[in-house]
Amino acid sequence: MIEALTGALKSGLSLWESKESRKYIYRVIKLEKEYYEEDNKDRPDMALLDNIEFQLRLISHSFSSQVSKQNLKNI
């Protein structure tokens, strides 16, 4: 699931023509790295993994709302 979420976010953010897109892309990549580092441990901290997933969802919602605002301005 994380692969699909981060892949979709990185693809969408790379197409988004905004100064903020790079900030979000770097954050998604950092969270993805943290997730896999923790998940590959013998005893991963599930709370930390849940927190990373939550942060990715927040980025997704923020990205979605920002794109919607831009689309409304272009109408």
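A pairwise comparison of heavy atoms in K41 and E38 identifies NZ-OE1, 2.9 Å as the closest pair. Of all non-hydrogen atoms in L9 and S60, the two that sit nearest each other are CD2-CA, 3.7 Å. Closest approach of L13 and S21 over heavy atoms only: O-CB, 3.4 Å. Nearest approach of L56 to T6, heavy atoms of both residues: CD1-CG2, 3.9 Å. A pairwise comparison of heavy atoms in S65 and S62 identifies OG-O, 3.0 Å as the closest pair.
For the pair S11 (side chain) and G7 (backbone), a donor-acceptor distance under 3.5 Å is present.
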Quiz item: Can you list the steps and then say if E3 with Y36 is a side chain to side chain contact (heavy atoms under 4.5 Å, CB included)?
Solution: CA-CA 10 Å; E3 290 175 24; Y36 286 120; 2.8 Å; yes
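Distance CD/Q55 to CD/E34: 7.5 Å, rounded to 0.5 Å.
A salt bridge (Lys or Arg N to Asp or Glu O under 4.0 Å) check over residues 53-67, counting only residues at least two apart or in different chains, returns nothing. Residues in residues 42-52 take part in no side chain to side chain donor-acceptor pair (under 3.5 Å) pair, two or more places apart or across chains.
Grouping the Ile, Leu, Val, Met, Phe, Trp and Tyr side chains by contacts below 4.5 angstrom, directly or via other members, places I52 apart from Y26. One hydrophobic cluster, built from ILVMFWY side chains closer than 4.5 Å, holds both L31 and M46. I29 and I2 fall within a single hydrophobic cluster, where Ile, Leu, Val, Met, Phe, Trp and Tyr side chains are chained together by heavy-atom contacts under 4.5 Å.
Contact of the F63 side chain with the Y24 side chain is not registered, since no non-hydrogen atoms from C-beta on lie closer than 4.5 Å.
Applying the 4.5 Å side-chain rule to ILVMFWY residues, one finds L58 in the same cluster as F54.
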